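This report refers to the structure that appears directly beneath it.
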Amino acid sequence: MHEIEDFGTSVVVDTCIAVAPLVKPGAKVLMTNSGKYAHYGPGIIGVDSIYGSTRECIEAAVSGQAAVDDSAWHSRICGKPLVDGAAAGTALVTDTPLSFWGGVDPEWTGEVIDRRHPLAGM
């Protein structure tokens, strides 16, 4: 950890970047391994975000450039099952943000119920 700090870098854990004063004035982009921050952060603190793994964040800090491999998002999304069974289907994709707190049917039908969203009713 001291090697990272000696390099002039800070590692921050267990806090929310949106409420902690960690971003220097004039910053334009922040790279994060937090999907939540990558989505909400730019609107809250006005700094663009790049989402990557922890390894990709460290590599970007060392090299000064973010090189993120997002090819997995274009081919397959995997997750941990919560119930037994199997499912298959076509992904419904959007570039418009969608919250699962009020934007999608809470009965797990998967229907977009946010009437302002372009995919409403799908």
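Positions are given from 1, in the same order as the sequence printed here. None of the values given here were measured: they were computed from a predicted structure.
Distance check, rounded to the nearest 0.5 Å: CG of N33 to CZ of R55 gives 13.0 Å. With values rounded to the nearest 0.5 angstrom, D48 atom CG is found 8.5 Å from I50 atom CD1. For the atom pair E111 CD and L119 CG, the distance stands at 11.5 Å (nearest 0.5 Å).
The shortest heavy-atom contact between Y37 and V47 is OH-O, 3.7 Å. Annotation for G52 and C57: closest pair O-SG, 4.0 Å, computed over non-hydrogen atoms. S34 and Y51 get closest at one heavy-atom pair: C-CE1, 3.7 Å. When all heavy atoms are compared, the tightest approach of S49 to P42 is OG-CG, 3.7 Å.
Sorted by first then second residue, the side-chain hydrogen bond (donor to acceptor under 3.5 Å, both in side chains) pairs that include residues 58-68, not counting sequence neighbours, number zero.
Formation of a donor-acceptor pair under 3.5 Å by the S99 side chain with backbone atoms of G102 is not found in this model.
Take T96 and apply the side-chain hydrogen bond (donor to acceptor under 3.5 Å, both in side chains) test, not counting sequence neighbours, and it matches no residue. L98 is linked by a side-chain contact (heavy atoms from CB on, under 4.5 Å) to V104, V112, H117, counting only residues two or more places apart in sequence or in another chain.
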